[in-house]
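Before any comments, here is the structure.
The sequence lines fix the lettering, A, B, ..., with proteins before strands; numbering per chain opens at 1.
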2 protein chains.
Amino acid sequence: MLLTPAMQDFILHWGEMGAKWGVNRSVAQIHALLHIAPDPLDAEEICDTLGLARSNVSTGLKELQGWKLVKSSRALGDRRDVFISVQDMFDLSRVVIEGRREREFVPTIAALREVAKAAEGDATPDHVKARMQETLQTMQMFDDWYRDVSGLPRGVQLLAMKLGAKIARFLPKG
Amino acid sequence: MLLTPAMQDFILHWGEMGAKWGVNRSVAQIHALLHIAPDPLDAEEICDTLGLARSNVSTGLKELQGWKLVKSSRALGDRRDVFISVQDMFDLSRVVIEGRREREFVPTIAALREVAKAAEGDATPDHVKARMQETLQTMQMFDDWYRDVSGLPRGVQLLAMKLGAKIARFLPKG
DNA sequence: CCATTATTTCAGGGAATACAGAAATGCCCA
DNA sequence: TGGGCATTTCTGTATTCCCTGAAATAATGG
């Protein structure tokens with residue numbers, strides 16, 4: 001696939017952003033490429049276009065599939081896989097957030113809950129226990145909110161965002 | 001400062017979480033320690049407690065101050081700085097989100113805007129231009145929403161979260 | 001069941017990052 | 001102005017992570 005300068009830049013920036021958010025650069029670049037590609041690409045094309053090793057692309061694609069950002073399919077009568085990305089930005093954010101929540105946020109909450117419980121049984125000072133509790137509760141509150149809201153249909157979410165923003169403009173600034 | 005096992009665990013987990021979120025382990029540990037410490041600590045105490053090199057602590061504290069997660073002050077008649085962290089979890093999340101937005105999200109949007117503009121002037125295919133535009137618009141929508149909502153007083157934000165969650169439970173699941 | 005092609009796994013080199021200890025700088029007070 | 005104390009910068013080393021190329025595995029068609 002031939003890239004215009006603007007397309008190259010897009011992929012480059014996407015890679016940078018990914019790197020900052022804890023996804024490695026090549027993975028983010030592969031995703032960017034699939035994100036703007038109109039048709040499914042096979043692994044070989046991705047290698048050529050991005051100048052990455054075949055194995056690297058394979059690993060990257062697998063990771064992206066794990067995040068449910070990319071789907072593979074196989075054209076009839078062909079033996080190689082072709083890949084497409086989730087094309088919609090809204091879905092994309094959902095998937096990314098959900099992934100981080102499951103892999104990082106939830107385990108952290110669980111671990112902190114254990115720690116807070118353990119603190120009850122040792123010499124941990126009261127103010128520290130209190131602070132651990134507060135930390136836990138606030139994280140839990142965010143998580144509860146997310147779980148409730150994430151279940152809504154996208155249309156409702158969009159509406160709520162727009163409505164929320166509109167209302168916000170009438171309320172006193174913090 | 002003496003750490004009970006539970007306190008050690010707390011700091012350890014905080015460090016892990018930080019690492020996953022792109023903050024290095026020592027920095028996150030320093031923050032964790034300050035987060036549970038009832039009184040301001042000086043750099044020396046932090047070293048001793050966490051077993052880190054003095055220079056490392058210095059760098060870490062500077063980074064935390066850059067993120068506005070830690071403030072330094074100097075006790076009257078003393079010549080060394082003491083440090084405290086933002087103690088409130090809600091504030092903490094606000095600061096973290098705000099920091100990431102400013103440092104990563106906003107620049108990315110700006111960069112993508114440039115790219116999308118450049119795409120108008122080169123051979124970039126139409127569907128690619130369209131996808132770039134869509135990407136940009138969705139990110140912009142999130143950012144607009146955030147800016148509106150973040151300006152609200154905390155009480156209103158909390159209320160809105162709780163209300164949103166409550167309403168969400170009555171609406172059809174997505 | 002073999003030949004061919006696609007994919008995955010693995011080991012090693014290399015770049016980026018984190019950290020410790022030493023040196024340098026800055027600051028305050030006598 | 002100089003000495004002592006606190007902080008920061010610097011430099012080398014260790015560690016971690018990334019990516020490649022080769023080897024192994026899997027899949028398909030003859």
Side-chain angles (χ1 to χ4, degrees), chain A residues 1 11-12 14-34 40-67 70-84 100 103-104, chain B residues 1 11-12 14-34 40-67 69-84 103-104:
Chain A
M1 190 176 173
I11 292 172
L12 247 50
W14 206 258
E16 288 310 309
M17 187 179 65
K20 300 221 174 186
W21 285 82
V23 184
N24 85 45
R25 189 171 276 93
S26 356
V27 172
Q29 287 183 353
I30 295 170
H31 179 259
L33 176 59
L34 290 172
L41 299 177
D42 64 52
E44 199 65 32
E45 284 180 279
I46 298 173
C47 294
D48 296 344
T49 310
L50 299 178
L52 296 172
R54 183 67 190 71
S55 54
N56 199 10
V57 170
S58 170
T59 313
L61 284 168
K62 227 175 136 191
E63 184 172 341
L64 287 167
Q65 285 175 293
W67 286 70
V70 160
K71 277 187 290 197
S72 71
S73 64
R74 186 160 298 191
L76 239 62
D78 199 338
R79 57 209 284 188
R80 67 219 153 142
D81 288 331
V82 290
F83 300 89
I84 56 170
R100 282 200 98 99
R103 290 162 211 243
E104 289 151 24
Chain B
M1 191 177 173
I11 292 171
L12 247 50
W14 206 257
E16 288 310 310
M17 187 180 63
K20 301 220 173 187
W21 285 79
V23 184
N24 87 44
R25 189 171 277 93
S26 351
V27 172
Q29 287 184 354
I30 294 170
H31 179 258
L33 175 60
L34 290 172
L41 298 176
D42 64 52
E44 200 66 34
E45 284 180 279
I46 297 174
C47 293
D48 296 344
T49 311
L50 299 178
L52 296 173
R54 183 66 188 72
S55 55
N56 201 7
V57 170
S58 170
T59 312
L61 284 168
K62 226 175 138 190
E63 183 172 342
L64 287 167
Q65 285 174 290
W67 285 73
L69 289 176
V70 159
K71 276 186 292 196
S72 70
S73 63
R74 188 161 294 192
L76 241 62
D78 199 337
R79 56 208 282 190
R80 68 215 155 145
D81 287 332
V82 289
F83 300 90
I84 55 169
R103 288 163 210 244
E104 289 152 22

Quiz item: In whole angstrom, what separates A/Q65's CD from C/dT7's C1'?
Solution: 12 Å

Quiz item: Any side-chain N or O of B/S58 under 4.0 Å from OP1/OP2 of D/dT8?
Solution: yes

Practice problem: Send over the distance from B/R54 CZ to C/dA20 P, rounded to a whole Å. | Solution: 12 Å

Exercise. Give the rounded distance in Å between these two atoms: NZ of B/K62 and C1' of D/dA6.
Key: 15 Å

Practice problem: Step by step, work out the side chain to side chain contact (heavy atoms under 4.5 Å, CB included) result for A/D48 and A/M1. | Solution: CA-CA 8 Å; A/D48 296 344; A/M1 190 176 173; over 6 Å; no

Exercise. Have a look at A/D81 and say if it touches a base, only the backbone sugar-phosphate, or nothing, with a 4.0 Å heavy-atom cut-off.
Key: sugar-phosphate

Quiz item: Rounded to whole angstroms, how far apart are CD on A/E16 and P on C/dA16?
Solution: 12 Å

Quiz item: Tell me: CZ of A/R80 to C1' of D/dT25, nearest whole Å?
Solution: 20 Å

Quiz item: With respect to the side chain of B/T59, which nucleotide from D/dT9, D/dA27, C/dT9 is positioned closest?
Solution: D/dT9

Quiz item: In whole Å, what is the span from the CG atom of A/N56 to the P atom of C/dG13?
Solution: 18 Å

Quiz item: Just how far is it from atom CH2 of B/W67 to atom CZ of B/R103, taken to the nearest 0.5 Å?
Solution: 5.0 Å

Quiz item: Contact class for A/N24 (heavy atom, under 4.0 Å): base, sugar-phosphate, or nothing?
Solution: sugar-phosphate

Practice problem: Indicate the atoms forming the closest heavy-atom contact of B/I30 with B/L64, along with that distance. | Solution: CG2-CD1, 3.8 Å

Practice problem: List the atom of B/R80, the atom of B/D42, and the distance in Å for their closest heavy-atom pair. | Solution: NH1-OD2, 3.3 Å

Quiz prompt | Protein-nucleotide distance (B/R25, atom CZ; C/dT17, atom P), rounded to Å | solution = 16 Å

Exercise. With rounding to the nearest 0.5 Å, note down the distance linking CG in A/L61 to CD1 in A/I46.
Key: 4.5 Å

Practice problem: Would you kindly give the CD-to-P distance between B/E44 and D/dT8, to the nearest whole Å? | Solution: 13 Å

Quiz item: Base, sugar-phosphate, or nothing: which does A/G51 touch, judged by heavy atoms less than 4.0 Å apart?
Solution: sugar-phosphate

Quiz item: Does a nitrogen or oxygen in the side chain of A/S26 sit under 4.0 Å from OP1 or OP2 of D/dC19?
Solution: yes

Exercise. Tell me which of A/R79 and A/A43 sits closer to the 5' end of DNA chain C, going by the nucleotide each one is nearest to.
Key: A/R79

